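As structure tokens, the structure follows; a few thoughts come after it.
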Amino acid sequence: MEQPGFTASLVAGGVAGASVDLILFPLDTIKTRLQSPQGFYKAGGFRGIYAGVPSAAIGSFPNAAAFFLTYEYVKWCLYTDSSSYLMPVKHMLAASAGEVIPFSLVQFPLWEFLKALWSWRQEHVVDSWQSAVCGAFAGGFAAAVTTPLDVAKTRIMLAKAGSSVAGGNVLSALRGVWRSQGLAGLFAGVFPRMASISLGGFIFLGAYDQTRCLLLQVGRESS
């Protein structure tokens, strides 16, 4: 495996992060309000859903850039044979090094697997738009299975100061949601979350692949 263009990964990651925040920030606001214990309309409804978009996009550029730089570097360091049964584990490790959250541990190995499968079926490496489609499927699946954790995070963030939930105990928050609202409560906002993250995966990973390919091509042509 050739050493990847780490500068291209850095810039492409930043572009991808800023792009997805600019487009999807309002949907994330709506999802958070749907998960609020106050109810959607009392939490703000559709008011001010674009508030904070510029600062979020600016902040996401360095975060996404650092994530993809780390992800590509760790993946390169751990690379052996693309047919190895350990490849999913290596992708999980690379994602963990970039951002230690359960969502990434599901999304990135699945994204890499879907790209490899599609490449194998068509007998050539996937194009950027195909990578984006794989990102959408991977993101949607990861969003669905991690929704209860997202609900717990939202409840902890919105809990009253001094309450047991405000202490940050995820299991306590999950138990509280289960007792009061059951399974429906644990998966509150799952469809907007899946829609948002599927679209986000399409934009984020597609923009990353497309930008990185363009930068690498420019680098080859200028060398």
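Computed from a predicted structure; not experimentally measured.
- Taken from NZ in Lys115 to CG in Asp209, the straight-line distance is 5.0 Å, to the nearest 0.5 Å.
- Neither side chain, Ser131 nor Trp118, offers a donor N or O lying under 3.5 Å from an acceptor on the other.
- To the nearest 0.5 Å, atoms OG (Ser198) and CD1 (Ile203) are separated by 11.0 Å.
- Nearest heavy-atom pair across Leu215 and Ala12 is CD1-N, 4.2 Å.
- Checking side-chain atoms of Arg212 against main-chain N and O of Ala8 turns up no donor-acceptor pair under 3.5 Å.
- Taking CD1 of Ile197 as the start and OG1 of Thr146 as the end, the distance is 6.0 Å to the nearest 0.5 Å.
- The nearest pair of heavy atoms linking Val177 to Leu186 is CG1-N, 3.6 Å.
- Ala64 and Gly13 get closest at one heavy-atom pair: CB-O, 3.0 Å.
- Taking both residues in full, the closest heavy atoms of Arg33 and Phe46 are given as NH1-C, 4.0 Å, listed atom of the first, atom of the second, then distance.
- Using cut-offs of 30° and 60° on the angle between ring planes, the pair Tyr208 and Phe68 is parallel.
- Going from atom CZ of Phe103 over to atom OG1 of Thr147 covers 9.5 Å, rounded to the nearest 0.5 Å.
- For the atom pair CZ of Phe67 and OG of Ser104, the computed distance is 4.5 Å after rounding to the nearest 0.5 Å.
- What you find for Ala144 and Met194 is that their closest heavy atoms are CB-SD, 3.7 Å.
- Classification of the Phe108-Trp111 ring pair by plane angle, with boundaries at 30° and 60°, yields perpendicular.
- In this structure, Trp120 is a member of the same hydrophobic cluster as Trp129, with clusters built from ILVMFWY side-chain heavy atoms closer than 4.5 Å.
- In this structure, the side chains of Pro148 and Leu174 come closer than 4.5 Å at one or more pairs of heavy atoms.
- Contact annotation: the side chain of Leu10 approaches that of Leu69 to within less than 4.5 Å [non-hydrogen atoms, C-beta and beyond].
- Residues Asp21 and Phe61 form no side-chain contact, since every pair of their non-hydrogen atoms from C-beta on lies 4.5 Å or further apart.
- Between Asp150 and Lys153 there is a salt bridge, since at least one side-chain N of the basic residue sits less than 4.0 Å from a carboxylate O of the acidic one.
- Each of Val218 and Val11 belongs to its own hydrophobic cluster when Ile, Leu, Val, Met, Phe, Trp and Tyr are linked at side-chain heavy-atom distances under 4.5 angstrom.
- When the side chains of ILVMFWY residues are joined at heavy-atom separations under 4.5 Å, either directly or via intervening members, Phe204 and Leu199 end up in a single hydrophobic cluster.
- Without hydrogens or angle criteria, Arg193 side chain to Ala143 main chain gives a donor-acceptor distance under 3.5 Å.
- Distance check: Leu110 CG to Leu114 CG gives 4.5 Å after rounding to the nearest 0.5 Å.
- Nearest approach of Phe141 to Val106, heavy atoms of both residues: CD2-CG1, 3.8 Å.
- Without hydrogens or angle criteria, Ser119 side chain to Val126 main chain gives a donor-acceptor distance under 3.5 Å.
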